[in-house]
Amino acid sequence: MDLDDRRQLRGAFGTFATGVTIVTVGGDIPRGMTANSFTSVSLSPPLLLVCVDKDADMHRSLERSATFGVSVLGDGQEAVARHFADHSRPVGAGQFDSVDWRPGRTCDAPLITGASAHFECEKWRVYDAGDHTIFLGRLLRASRTTGAGALLFHEGRFGCPAEPGGDAHEGGRVA
């Protein structure tokens, strides 16, 4: 594999199945972004991270904001993931008009209704990581919805894990 070929490298990284999240910031110009580069980091203190491309509008929003939210999408929320991955969606508060959301209780970031979990964070540390930045958040509040299932992302496609004795289903490929 040619490590300088971004397409090949993206394809190799894409073999690692992930969950799908919507990272959000509030304020005068709220913003949301679909992200699968999310992981838990620490239980004490409670930390998580998201990695954001330095060219993304969300990168500038996260740099300016002291807090952010993360909604872990559940089964049946592929349309929400696609909406926040679409660069033609409205800017500011208008991008939340077509999805159900509620404001965070401890930070003003919008949280996606029906998500499997919500995390409200204060920005704790920021690390340079090549063409991305790692934003480490310390949890201010977390909540979980039982039975919401999971939305997965694998090799450029959305899907959901199989129920015991059932078949997994696959969504469409992301352009």
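Residue numbers count from 1 along this sequence.
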Would Phe38 and Thr18 satisfy side-chain contact (heavy atoms from CB on, under 4.5 Å), going step by step from the backbone distance to the final call? CA-CA 8 Å; Phe38 159 87; Thr18 68; over 6 Å; no
Are the side chains of [Y] and [X] in contact, using a 4.5 Å heavy-atom criterion?
{"X": "Arg141", "Y": "Leu111", "answer": "no"}
{"X": "Arg31", "Y": "Val91", "answer": "yes"}
{"X": "Leu139", "Y": "Cys121", "answer": "yes"}
{"X": "Glu78", "Y": "Leu73", "answer": "no"}
{"X": "Glu155", "Y": "Thr15", "answer": "yes"}

Between [atom1] of [X] and [atom2] of [Y], what distance do you get to the nearest 0.5 Å?
{"X": "Leu136", "Y": "Thr39", "atom1": "CG", "atom2": "OG1", "result": "10.5 Å"}
{"X": "Asp53", "Y": "Thr133", "atom1": "CG", "atom2": "OG1", "result": "8.5 Å"}
{"X": "Lys123", "Y": "Arg64", "atom1": "NZ", "atom2": "CZ", "result": "10.0 Å"}
{"X": "Asp131", "Y": "Asp55", "atom1": "CG", "atom2": "CG", "result": "8.0 Å"}

Hydrophobic clusters here meaning ILVMFWY residues chained together by side-chain heavy-atom distances under 4.5 Å, can you tell me if [X] and [Y] are in one?
{"X": "Phe119", "Y": "Phe135", "result": "yes"}
{"X": "Leu49", "Y": "Ile22", "result": "no"}
{"X": "Leu62", "Y": "Ile134", "result": "no"}
{"X": "Phe16", "Y": "Leu152", "result": "no"}
{"X": "Phe68", "Y": "Met58", "result": "yes"}

Could you please spell out the steps behind the side-chain contact (heavy atoms from CB on, under 4.5 Å) verdict for Val23 and Val52? CA-CA 10 Å; Val23 178; Val52 179; 5.7 Å; no
Taking all atoms of both residues into account, what is the closest heavy-atom pair of [X] and [Y], and its distance?
{"X": "Pro110", "Y": "Thr24", "value": "O-OG1, 2.6 Å"}
{"X": "Val25", "Y": "Ser61", "value": "CG2-CB, 3.6 Å"}
{"X": "His83", "Y": "Gln95", "value": "NE2-O, 2.7 Å"}
{"X": "Lys54", "Y": "His132", "value": "CE-O, 3.3 Å"}
{"X": "Met33", "Y": "Ala56", "value": "SD-CB, 4.5 Å"}
{"X": "Thr113", "Y": "Gln77", "value": "O-NE2, 3.1 Å"}

Donor-acceptor pairs under 3.5 angstrom involving side-chain atoms of residues 98-106: please list them, not counting sequence neighbours.
unit_1, atom_1, unit_2, atom_2, d
Trp101, NE1, Phe96, O, 3.4
Arg102, NH2, His118, ND1, 3.4
Thr106, OG1, Glu120, OE1, 3.0

So with a 6.0 Å cut-off around CG of Asp2, is the heavy-atom count from everything else above 12?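 Result for CG/Asp2: enclosed.
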Around atom CG of Leu9, are there more than 12 heavy atoms of other residues, nucleotides or ligands at under 6.0 Å?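 Yes, the 6.0 Å shell around CG holds more than 12 heavy atoms from other groups.
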Residue pair Phe84, Ile112: steps toward the side-chain contact (heavy atoms from CB on, under 4.5 Å) verdict: CA-CA 11 Å; Phe84 285 103; Ile112 306 301; 3.9 Å; yes
Donor-acceptor pair, Glu122 side chain versus Leu140 backbone, under 3.5 Å?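 The answer is no, because no donor-acceptor pair under 3.5 Å joins these two groups.
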